[in-house]
Each structure stands twice: as C-alpha cells, then as structure tokens.
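What follows is one structure encoded as structure tokens, with my remarks underneath.
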Amino acid sequence: PLPPDRIADAIRTAYDPAVAATVLEARSQAGSTGQRWDCAGPSLAEETRDSYLHENVASRTWVACDAPRGSVRSGVLRALLEPSPRIARKRVAILYRPVDQASAARIVEADRRSAHFLAGSTAGLVNARSATAVRAAEQTAAEEAAGASLTEFAFVVTATVNSPDELRAADAEITHLAAAARLRFRVARGQQANAFATALPAGVLPWLRTLIPHQLRSAL
C-alpha cells in the first residue's frame with residue numbers, strides 16, 4: 001500500500017522515466033515530491049497499433065492469452081520478474097478476481113464437460129494431451145466441491161525502451177521470458193494506451209470497463 005503522493009510518483013515515473021532520479025532525490029531531501037495526481041500523466045503521447053510513444057521513450061504491452069500447462073513451480077516467474085539487461089524498464093502486473101461460489105461451480109463443471117468431450121473426439125498424441133486436461137479438470141472440480149475457491153487471473157507486461165528502434169529487441173526478450181515462465185503472450189494491438197494504464201498501480205480494473213459487463217460475459 002502506498003500513500004497518494006507515492007502513487008502519483010509511480011505513475012509519473014512510468015510515463016516519463018527521465019524524472020526517476022529527480023523523484024528519488026526529492027524524496028530523500030524533502031520526504032515527498034508534492035506530485036499531484038492531475039499532473040502525473042504524460043504531457044505528450046502517441047498510440048500506434050502495437051506501441052505507445054510517451055515523452056521521449058517507447059513502450060509495448062503484452063497480455064497473457066494462455067495459462068501455464070503442467071506443473072508450475074514456485075520460481076517459474078523469477079526470470080520474468082527480474083530486471084532484463086535488454087529492456088530499460090519492465091513492469092509485470094498480475095490481475096486477479098475471485099469468482100463467487102455459484103459461478104465457480106458452473107465454470108468448473110463446464111470445463112469438466114469440455115475436457116471430456118475433447119478427449120473423446122481426438123486421437124493419438126492429441127488424445128494424450130486431452131487426457132491430461134481431463135485429469136486437471138477432474139482435480140479442479142474435486143477441489144472446488146471440497147470448498148476451494150476459484151480465481152480468474154491475468155498477466156500484463158510492459159516493456160519501456162529508449163527509442164522505437166529498440167522495441168524489436170524487447171519483443172524478442174519478452175517472448176523468451178514468457179516461454180521460461182510457461183506463459184503465452186500477445187501484443188495488445190490497437191489498445192496499447194489502455195493496456196499501458198492497466199499495468200500501472202492505479203487500480204484500473206479492465207473487467208469493469210468493457211462494453212459487455214463481466215457478469216454477462218461469464219454467463220456466455
């Protein structure tokens with residue numbers, strides 16, 4: 001938890017990394033920068049299809065599109081969370097939302113039926129993978145029936161580099177780190193500004209800002 005001025009500092013530094021040293025110096029000397037929330041955003045920004053240019057730097061944001069498969073160890077995210085030498089700034093945001101008990105029972109049962117259907121309609125190597133999915137779905141259903149809660153989660157990763165020319169190297173680095181974390185990411189094409197803001201510590205909850213309410217999306 002951070003006080004309002006520290007949150008404003010974090011937002012200001014994310015949009016303009018050049019002021020990071022000034023912010024740290026002000027904190028050490030005066031204890032606070034006096035940064036106001038209404039001045040924390042960028043003074044100049046341009047959104048492209050797959051990047052976000054703000055102040056004098058360039059950023060690209062990815063969102064996770066597939067959950068890890070198989071066993072996940074405690075250190076699976078270590079490389080993704082650690083600083084990367086090829087990326088000036090990297091931010092990893094983990095979004096999670098607990099599912100109510102009524103919806104959780106319906107979701108796990110639907111996943112269970114889907115896993116059994118796919119296992120019965122495939123053959124060969126694909127069938128072996130489907131059998132693994134069936135075991136996972138059965139375990140999830142058993143744990144939910146025993147009282148475990150269900151949580152929806154998502155990953156949003158932003159890489160900020162000093163110039164647009166460095167985005168290609170950042171893309172390769174994030175792809176490598178995602179593979180090590182057993183995650184699959186996609187570039188947030190056409191929504192870079194929104195994805196950038198979602199990864200900030202500003203309390204942006206994307207499921208509350210969609211055209212279709214999340215309750216309806218869950219029902220579908």
Side-chain angles (χ1 to χ4, degrees), residues 1-64 77-97 153-178 180-181 183 185-210:
L2 294 176
D5 61 326
R6 294 290 296 274
I7 297 178
D9 288 345
I11 303 299
R12 178 77 173 91
T13 303
Y15 279 109
D16 187 5
V19 304
T22 304
V23 168
L24 292 176
E25 183 178 359
R27 284 183 193 167
S28 62
Q29 294 182 357
S32 176
T33 61
Q35 177 72 55
R36 301 196 316 271
W37 177 254
D38 56 354
C39 297
S43 60
L44 177 64
E46 178 185 355
E47 181 183 22
T48 68
R49 184 170 178 267
D50 58 359
S51 64
Y52 185 51
L53 311 179
H54 48 103
E55 303 299 346
N56 294 317
V57 295
S59 294
R60 179 170 292 166
T61 301
W62 296 259
V63 294
L77 296 178
R78 180 173 301 165
L80 182 63
L81 298 176
E82 289 179 343
S84 301
R86 301 176 66 183
I87 301 175
R89 281 180 172 267
K90 181 179 60 177
R91 181 168 54 257
V92 180
I94 304 176
L95 311 177
Y96 61 92
R97 178 166 61 93
F153 69 94
F155 286 84
V156 182
V157 178
T158 297
T160 299
V161 292
N162 296 321
S163 70
D165 296 335
E166 300 179 16
L167 287 174
R168 184 185 297 271
D171 192 89
E173 181 73 5
I174 294 299
T175 300
H176 170 73
L177 295 175
L183 292 167
F185 286 99
R186 294 182 62 182
V187 177
R189 300 191 186 279
Q191 50 185 346
Q192 283 291 306
N194 292 335
F196 185 94
T198 299
L200 294 175
V204 177
L205 304 179
W207 55 84
L208 299 181
R209 299 179 179 274
T210 57

d(Leu80 CG, Ile94 CD1) to nearest 0.5 Å is 8.5 Å
Are side-chain heavy atoms of Pro17 and Asn56 found at a separation under 4.5 Å?
no
So, using side-chain hydrogen bond (donor to acceptor under 3.5 Å, both in side chains) as the criterion, who are the partners of Arg91 when residues are at least two apart?
none
Taking all non-hydrogen atoms of both residues, which atom of Ala58 and which atom of Ser163 are closest, and how far apart?
CB-C, 4.0 Å
Mind running side chain to side chain contact (heavy atoms under 4.5 Å, CB included) on Arg89 and Thr13 for me, showing each step along the way?
CA-CA 10 Å; Arg89 281 180 172 267; Thr13 303; 3.4 Å; yes
How long is the gap from CZ on Arg189 to CH2 on Trp62, to the nearest 0.5 Å?
10.5 Å
Rounded distance (nearest 0.5 Å) linking atom CG of Asp9 with atom CG of Leu24
9.0 Å
How far does OG of Ser32 sit from CZ of Arg6, to the nearest 0.5 angstrom?
9.0 Å
Which atom names give the shortest non-hydrogen contact between Ser51 and Leu167, and what distance separates them?
CB-CD1, 3.7 Å
For the pair Gln192 (side chain) and Thr61 (backbone), establish whether a donor and an acceptor sit closer than 3.5 Å, ignoring hydrogens and angles.
yes
Residue pairs meeting side-chain hydrogen bond (donor to acceptor under 3.5 Å, both in side chains), one or both in residues 14-24, sequence neighbours left out, come to Arg12-Asp16
Does the side chain of Phe196 reach to within under 4.5 Å of the side chain of Pro42, using non-hydrogen atoms?
no
To the nearest 0.5 Å, tell me how far Asn162 CG sits from Ile87 CD1.
11.5 Å
Would you mind reporting whether Asp171 and Asp50 have side-chain heavy atoms less than 4.5 Å apart?
no
Is there a side chain to side chain contact (heavy atoms under 4.5 Å, CB included) between Tyr52 and Thr160 once you walk through the steps?
CA-CA 9 Å; Tyr52 185 51; Thr160 299; over 6 Å; no
Is atom CZ of Arg27 surrounded by more than 12 heavy atoms (other residues, nucleotides or ligands) closer than 6.0 Å?
yes
Salt bridge (charged side-chain N to carboxylate O under 4.0 Å, His left out) with Glu173: which of Arg60, Arg168, Arg86, Lys90?
Arg86
Is the backbone N or O of Cys39 less than 3.5 Å from a side-chain atom of Gln35, with the two atoms forming a donor-acceptor pair by type?
yes
Heavy-atom donor-acceptor pair, Glu46 side chain to Leu53 backbone, under 3.5 Å:
no
Locate the shortest heavy-atom distance separating Ala193 from Glu47; write the atom from each residue and the value.
N-OE2, 3.0 Å
Would you name the heavy atoms of Ala170 and Ala159 that are closest together and state the gap between them?
CB-CB, 4.2 Å
Write down the atom of Ala195, the atom of Val156, and the distance for their closest heavy-atom approach.
O-CG1, 3.8 Å
Mind checking whether Ser84 and Leu177 have side chains closer than 4.5 Å, heavy atoms only?
yes
Check: Thr158 and Leu200 side chains under 4.5 Å, non-hydrogen atoms:
no
Quick check for you: to the nearest 0.5 Å, what is the distance between Asp5 atom CG and Trp37 atom CH2?
12.0 Å
